J.: 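Got a structure here, written out as structure tokens. Questions coming.
Quick note: residue numbers are just sequence positions, from 1. Just so you know, these numbers use all the heavy atoms, side chains as well, and skip hydrogens, waters and symmetry mates. All values derive from a computational prediction rather than experimental measurement.
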Amino acid sequence: MDRYAFGVDVGGTTVKMGFFTAEGELLGKWEIPTDISEYGVHIIPDIAQEIREKLAASGLSSEDVIGVGLGVPGPVDADGNILHCVNLGWGTFNLEAAMTRATGIPCKAGNDADVAALGEIYKGSASKYRTVVLLTLGTGVGGGIIIDGRILPGTFGAAGEIGHMNMKEDETDFCGCGHQGCLEQYASASGIVRMARLNMARTDVDTVLRQCKSVTSKDIFDAARDGDEFSRDLVEEVCKTLGLACARISTVVDPEAYIFGGGMSKAGNIITNTVEKYYNRYAFHIGAKFLLAKLGNDAGIWGAVKLVFDSF
């Protein structure tokens, strides 16, 4: 009998869903809006309804499904408990049990960055490796740690919160987490823009960025490539901070590879090459590879379905 599985990536704006064969073939993918009203009470029923409709349209039942994998934007412990998920309005409850009740199908859940990292190992740029660290460079800095092909969730589901590693004790601005000096204040897309604005306000430096109506991280990297000295120095400083962060991570995790995803990673090899340069300066042992994520927005559904295949 043919068997199937679902991979689901729950975001604050959309829920991305994938329908797979037991052999890992993607049969279809789609997305629905994330209904975060009433503290996210509708999210699980909406996903369950989509699963039922897909099965009905395919002439299948829940008995034909191995499991449902979920990636969510919050810490998930090894027992499937979501430990507060602010973006969705969720408190603490057992996410896996709730989804199983809603669908009648076994469920395995994980943090979205962890799940995306698993996806990159399964079908992405890290398919040659078993122990990797993913850094998502977007509005913030997310992280996922995979050890020997398995997600490392940590005791409280917070392993891989790399963006909140303290990098500067003398920082006066606050991170969104409430602390000061976090990595994402410097190495995220919003962080590099923040630094650009601060530096331009402090000096009368000549830079093409002053011509931008609203500076973006893409503007900064484009200007750096075109030889703008201010932008080049800023990119260098950001990558130096990332290289130091990776060197610190390696003393604990010792990964085979670092993968960079998220919107800022679209800048390409200027990030991986420069981060590697500084990593090699600071690292105890040189040897980790530095890669760009390949799956983009599909990493979550691929990683989520891999959770199913590894669990059931």
J.: Is it the case that the side chain of T21 and the backbone of E25 share a donor-acceptor pair, with hydrogens and angles ignored and the cut-off at 3.5 Å?
T.: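 Yes: the side chain of T21 pairs with the backbone of E25.
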
J.: Looking at K108 and E96, does any basic side-chain N land under 4.0 Å from a carboxylate oxygen?
T.: yes

J.: Would you confirm whether the ring centroid of F6 sits within less than 6.0 angstrom of the ring centroid of F20?
T.: no

J.: Does V115 form a side chain to side chain contact (heavy atoms under 4.5 Å, CB included) with I151? I'd like the steps, not just the answer.
T.: CA-CA 8 Å; V115 169; I151 288 173; 4.2 Å; yes

J.: Indicate, with yes or no, if I121 and L26 share a hydrophobic cluster defined by side-chain heavy-atom contacts under 4.5 Å among Ile, Leu, Val, Met, Phe, Trp and Tyr.
T.: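 As far as the 4.5 Å side-chain criterion goes, I121 and L26 are not connected within one cluster.
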
J.: Quick check on ring pair (Phe, Tyr, Trp, His ring centres under 6.0 Å): which of Y279, Y129, Y278 does F290 satisfy it with?
T.: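 It is Y279; the other options fail the test.
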
J.: Could you pull out the closest heavy-atom pair between L209 and A196, with the gap in Å?
T.: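 Taking L209 first and A196 second, the nearest heavy atoms are CD1-CB, 4.4 Å.
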
J.: Would a single hydrophobic cluster contain both L83 and W90, if residues Ile, Leu, Val, Met, Phe, Trp and Tyr are joined by side-chain heavy-atom contacts under 4.5 Å?
T.: no

J.: Answer yes or no: is there a donor N or O on one side and an acceptor on the other, between the side chain of S217 and the main chain of A189, under 3.5 Å?
T.: no

J.: Please confirm whether the backbone N or O of R248 pairs with a side-chain atom of T251, one donor and one acceptor, at under 3.5 Å?
T.: yes

J.: Do any N or O atoms from the side chain of T272 and from the backbone of L291 form a donor-acceptor pair under 3.5 angstrom?
T.: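 Between the backbone of L291 and the side chain of T272 there is no qualifying donor-acceptor contact (under 3.5 Å).
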
J.: Tell me whether R232 contacts the main-chain N or O of R225 through its side chain, where contact means a donor paired with an acceptor under 3.5 Å.
T.: no

J.: Is E276 reaching over with its side chain to a backbone N or O of N273, donor-acceptor style, under 3.5 angstrom?
T.: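 Between the backbone of N273 and the side chain of E276 there is no qualifying donor-acceptor contact (under 3.5 Å).
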
J.: For residues I259 and V133, determine if any side-chain heavy atom of one lies less than 4.5 Å from a side-chain heavy atom of the other.
T.: no

J.: Of all heavy-atom pairs between A187 and L137, which one has the smallest distance, and what is that distance?
T.: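 Closest pair (atom of A187, atom of L137, distance): O-CD2, 3.7 Å.
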
J.: With side chain to side chain contact (heavy atoms under 4.5 Å, CB included) as the test, would you mind laying out the steps for D298 and K29 before giving the verdict?
T.: CA-CA 9 Å; D298 289 344; K29 62 178 181 177; 2.6 Å; yes

J.: Check step by step if side chain to side chain donor-acceptor pair (under 3.5 Å) holds for T207 and D228.
T.: CA-CA 6 Å; T207 171; D228 182 70; 2.8 Å; yes

J.: Check L118 against G303 and note the closest heavy-atom contact, atom names and distance.
T.: CD2-O, 3.5 Å

J.: Would you indicate whether the side-chain heavy atoms of V15 and D9 approach each other to under 4.5 Å?
T.: no

J.: Side chain to side chain donor-acceptor pair (under 3.5 Å), that's the test. Do Y258 and S250 meet it? Break it down for me.
T.: CA-CA 10 Å; Y258 287 90; S250 283; 2.6 Å; yes

J.: For a quick test of reading the model, state the closest non-hydrogen atom pair linking A5 to F309 and the distance between them.
T.: CB-CE2, 3.9 Å

J.: Any chance you could measure L292, atom CG, to I271, atom CD1, to the nearest 0.5 Å?
T.: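 Result: 7.5 Å between the selected atoms.
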
J.: Donor-acceptor pair, N94 side chain versus D79 backbone, under 3.5 Å?
T.: yes

J.: Do other residues, nucleotides or ligands put more than 12 heavy atoms under 6.0 Å from the CG atom of D204?
T.: no

J.: Nearest 0.5 Å, please: how far is CG in L55 from OG1 in T103?
T.: 9.5 Å

J.: Does a side-chain heavy-atom distance below 4.5 Å link C246 with F260?
T.: yes

J.: Within the 4.5 Å heavy-atom criterion, are I147 and R130 side-chain neighbours or not?
T.: no

J.: What about V141 and Y186, same hydrophobic cluster or not, with Ile/Leu/Val/Met/Phe/Trp/Tyr joined at side-chain heavy-atom distances under 4.5 Å?
T.: yes

J.: Hey, what do you get for CD1 (I301) to CG (L70), rounding to the nearest 0.5 Å?
T.: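 Rounded to the nearest 0.5 Å, the CD1-CG separation comes out at 13.0 Å.
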
J.: Distance check, rounded to the nearest 0.5 Å: D310 atom CG versus R150 atom CZ?
T.: 4.5 Å

J.: Determine, using the 4.5 Å side-chain heavy-atom cutoff (strictly less than), whether M167 and L242 are members of one ILVMFWY cluster.
T.: yes

J.: Please determine, by modelled atom types, if N81 and D77 share a side-chain donor-acceptor pair under 3.5 angstrom.
T.: yes

J.: Please indicate whether E229 has more than 12 foreign heavy atoms, meaning atoms of other residues, nucleotides or ligands, lying under 6.0 Å from its CD.
T.: no

J.: Is a side-chain donor or acceptor of E31 paired with a backbone partner of T14 at a separation under 3.5 angstrom?
T.: no

J.: Is the number of heavy atoms from other residues, nucleotides or ligands within 6.0 Å of NE2 (H179) greater than 12?
T.: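 Atom NE2 in H179 is not packed in, count stays at 12 or less.
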
J.: Taking all non-hydrogen atoms of both residues into account, name the closest pair between S188 and G138 and its distance.
T.: CB-O, 3.3 Å

J.: Quick check: do V65 and R3 have side-chain heavy atoms less than 4.5 Å from each other?
T.: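 A side-chain contact is absent here, since even the closest heavy-atom pair is not under 4.5 Å.
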
J.: Nearest 0.5 Å, what's the CZ-CD1 distance between R197 and I192?
T.: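 The distance works out to 12.0 Å.
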
J.: State, with a plain yes or no, whether a side-chain heavy atom of F230 is found less than 4.5 Å away from one of M200.
T.: yes

J.: Closer than 3.5 angstrom, by distance alone: can the side chain of E171 be matched with the main-chain N or O of G181 as a donor-acceptor pair?
T.: no

J.: Same cluster for F312 and M99 if Ile/Leu/Val/Met/Phe/Trp/Tyr side chains link at under 4.5 Å?
T.: no

J.: State, yes or no, whether a side-chain contact exists between L88 and P73 at a heavy-atom distance under 4.5 Å.
T.: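 In contact.
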
J.: Flag yes if more than 12 heavy atoms outside D173 fall under 6.0 Å of its CG atom; otherwise flag no.
T.: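 Yes, because the 6.0 Å sphere around CG of D173 holds more than 12 heavy atoms from other groups.
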
J.: So which heavy atom on K294 is nearest to which on S125, and how close?
T.: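 What the structure gives for the nearest pair is CB-N, 3.8 Å.
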
J.: Check whether more than 12 heavy atoms from other residues, nucleotides or ligands sit under 6.0 Å from atom NZ of K277, and answer yes or no.
T.: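 More than 12 within 6.0 Å, yes.
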
J.: Got a donor-acceptor contact below 3.5 angstrom from the D64 side chain to the S61 backbone?
T.: yes

J.: Would you sort out whether F221 and K266 count as a side chain to side chain contact (heavy atoms under 4.5 Å, CB included), showing the intermediate values?
T.: CA-CA 10 Å; F221 280 97; K266 293 178 182 177; over 6 Å; no

J.: Distance only, no hydrogens: is a donor on one side chain within 3.5 Å (strictly under) of an acceptor on the other, for E120 and W302?
T.: no

J.: Output the distance between atom CD1 (I286) and atom CG (N280), rounded to the nearest 0.5 Å.
T.: 4.5 Å

J.: With a cut-off of 6.0 Å (strictly less than), are more than 12 heavy atoms of other residues, nucleotides or ligands near CG of N297?
T.: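 No, not enclosed.
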
J.: For E169, I'd like to know if atom CD has over 12 heavy atoms of other residues, nucleotides or ligands within 6.0 Å.
T.: no

J.: Does any part of the side chain of D112, heavy atoms only, come nearer than 4.5 Å to the side chain of V72, both counted from C-beta?
T.: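 No; the side chains remain at least 4.5 Å from each other.
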
